[in-house]
Amino acid sequence: NYFHEALDQFFKEVKERAFDLANLSDGEVAEILGSVTDKLNNPELYPEYTVFKVNHRNSYLQESMVETIQLLVQNMIKQRQAVNVETIETEQRFGYKQTDEDGEENITRFTLADGQEVRLRGKIDRIDAVTHERDGLAENFIQVVDYKSSAHDVKFDQIYVGSQLQLYTYLKVALDHMNQSGQTTQPLGAFYQRIYQPQVKIEKQADLTDKNIADQILADLKLAGYIRSDYDLLEDIHSGGFGPRDKSPVYSINRNKDG
């Protein structure tokens with residue numbers, strides 16, 4: 001859909017221009033998003049989005065979506081400043097033949113305990129990677145992020161009974177792909193990123209500051225999901241550390257006073 005395509009094109013532009021997401025200026029963000037919007041408005045490239053030009057209501061809807069994307073991108077920059085990961089893939093397809101010459105080996109498949117084979121195909125919205133050094137050795141980790149326009153809670157009981165497996169299927173597929181390429185990779189986590197404009201609660205005049213509003217938006221747009229329980233790794237990837245009593249500005253986790 002429009003959100004997914006816009007975010008995919010944004011990350012591709014950042015990569016093509018060799019920009020560092022964490023250090024993008026407001027001007028660079030505006031320039032890239034303007035380029036992305038112009039591309040999506042091109043009827044030859046994206047005829048499906050000409051619907052936004054049909055009437056004023058649809059045009060307003062597109063403007064609202066662009067504002068939401070801008071807010072989310074600004075939040076992603078803050079997330080990247082807080083956690084040292086790098087986006088390596090966006091809109092990563094799996095289980096599809098990339099060309100007519102591709103054979104059966106390109107089909108994503110799992111074999112269950114009872115011997116049945118499950119064939120899968122889909123698209124992973126984003127894959128982030130990070131390298132952590134432990135005892136003089138480099139360890140590679142990845143996380144997958146799935147964009148959602150509505151709230152999605154990740155519940156362990158639903159994962160356990162097999163009714164909420166989307167994220168973790170994506171994570172396994174991404175890990176298998178990385179490991180098959182010869183790079184030993186471990187899971188960092190799997191998360192939903194909600195795409196929306198949070199309502200900021202202002203209870204008193206002192207709350208009406210740019211910092212307070214930005215902090216509330218960052219908190220409301222935290223990644224939802226489970227992360228690897230590895231305090232050394234978590235402290236390393238958080239720019240400000242992750243010690244006792246700390247709360248992560250990106251993940252829904254915190255450490256107690258005993259560490």
Side-chain angles (χ1 to χ4, degrees), residues 11 14 19-25 29 71-88 125-148 151-157 159-160 167-168 170-171 174-175 178 183-194 198 200-204 206-259:
F11 276 103
V14 170
F19 285 165
D20 178 8
L21 181 63
N23 294 311
L24 282 182
S25 67
V29 170
L71 177 67
L72 186 62
V73 165
Q74 291 169 342
N75 189 73
M76 287 177 175
I77 291 172
K78 290 184 174 68
Q79 289 180 340
R80 194 60 50 88
Q81 291 168 345
V83 172
N84 301 314
V85 298
E86 177 186 0
T87 297
I88 58 173
D125 290 340
R126 198 175 90 219
I127 304 175
D128 301 330
V130 65
T131 300
H132 170 65
E133 187 171 315
R134 197 192 314 264
D135 299 327
L137 298 175
E139 298 179 333
N140 301 305
F141 298 88
I142 61 169
Q143 65 181 23
V144 297
V145 179
D146 189 57
Y147 303 130
K148 295 294 184 185
H152 277 67
D153 293 328
V154 182
K155 299 181 179 179
F156 181 78
D157 58 341
I159 298 170
Y160 185 79
L167 275 179
Y168 300 94
Y170 286 170
L171 182 59
L175 286 168
M178 298 291 290
Q183 181 180 5
T184 302
T185 307
Q186 302 177 67
L188 173 60
F191 309 96
Y192 289 122
Q193 171 68 75
R194 190 175 178 189
V200 178
K201 189 175 183 180
I202 304 296
E203 295 182 335
K204 53 185 181 297
D207 294 337
L208 196 59
T209 64
D210 290 342
K211 183 180 184 307
N212 179 65
I213 293 171
D215 287 347
Q216 282 198 46
I217 292 174
L218 184 63
D220 286 344
L221 290 176
K222 279 187 178 184
L223 299 177
Y226 288 106
I227 194 168
R228 190 182 190 91
S229 180
D230 183 333
Y231 288 137
D232 289 338
L233 171 63
L234 294 175
E235 187 160 3
D236 183 36
I237 67 174
H238 280 81
S239 301
F242 189 62
R245 298 180 185 273
D246 282 348
K247 290 183 179 181
S248 172
V250 177
Y251 307 107
S252 299
I253 55 172
N254 61 276
R255 293 184 67 172
N256 59 33
K257 64 181 180 180
D258 299 322

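Along the sequence shown, residues carry numbers from 1.
- Interatomic distance, N254 CG to D246 CG, rounded to the nearest 0.5 Å: 9.5 Å.
- Between Y226 and Y168, the angle of the ring planes lies from 30° to 60°, which puts this pair in the tilted group.
- For the ring pair (Phe, Tyr, Trp, His ring centres under 6.0 Å) test, no residue two or more places apart in sequence or in another chain qualifies with F141.
- Closest of all the heavy-atom pairs between F242 and K247 is CE1-C, 4.0 Å.
- With D153 contributing its side chain and K155 its backbone, the two residues share no donor-acceptor pair below 3.5 Å.
- From L175, atom CG reaches atom OG1 of T184 across 11.0 Å, with rounding to the nearest 0.5 Å.
- In this structure, T209 has no side-chain hydrogen bond (donor to acceptor under 3.5 Å, both in side chains) partners at least two apart in sequence or on a different chain.
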Verdict with supporting geometry, I227 and F191, side chain to side chain contact (heavy atoms under 4.5 Å, CB included) | CA-CA 8 Å; I227 194 168; F191 309 96; 3.9 Å; yes
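- Going from atom CG of D236 over to atom CD of E133 covers 9.0 Å, rounded to the nearest 0.5 Å.
- Here the shortest heavy-atom pairing between P249 and H238 reads CD-CD2, 4.0 Å.
- Remark: L223 CG to M76 CE distance equals 8.5 Å, nearest 0.5 Å.
- You'll find the side chain of H152 stays beyond 4.5 Å of the side chain of L167, heavy atoms only.
- Heavy-atom minimum distance, V154 versus A224: CG2-O, 3.7 Å.
- Among the candidates N75, L221, L218, the single residue satisfying the side-chain contact (heavy atoms from CB on, under 4.5 Å) test with P198 is L221.
- Summarising the geometry of S239 relative to V83, their closest heavy-atom pair is OG-N, 4.2 Å, with the distance given to 0.1 Å.
- Taking the side chain as every heavy atom from C-beta outward, L24 and R80 never approach each other to under 4.5 Å.
- Counting only heavy atoms from C-beta outward, the side chains of F11 and L21 approach each other to under 4.5 Å.
- With Q193 as the fixed residue, the side chain to side chain donor-acceptor pair (under 3.5 Å) test singles out one of R126, Q79, K222: Q79.
- With sequence neighbours left out, H132 forms a ring pair (Phe, Tyr, Trp, His ring centres under 6.0 Å) with no residue at all.
- Closest of all the heavy-atom pairs between D125 and V145 is CB-O, 3.3 Å.
- Between N140 and I142 the shortest side-chain heavy-atom distance does not fall below 4.5 Å.
- For the residue pair R228 / Q186, a side-chain donor-acceptor distance below 3.5 Å is found, with atom types taken as modelled.
- Heavy atoms from other residues, nucleotides or ligands lying under 6.0 Å from CG of D210 number 12 at most.
- Rounding to the nearest 0.5 Å gives a distance of 10.0 Å between CD1 of I217 and CG of N212.
- Scanning all heavy atoms of the two residues, the minimum distance from L233 to L188 falls at CD2-CD1, 3.7 Å.
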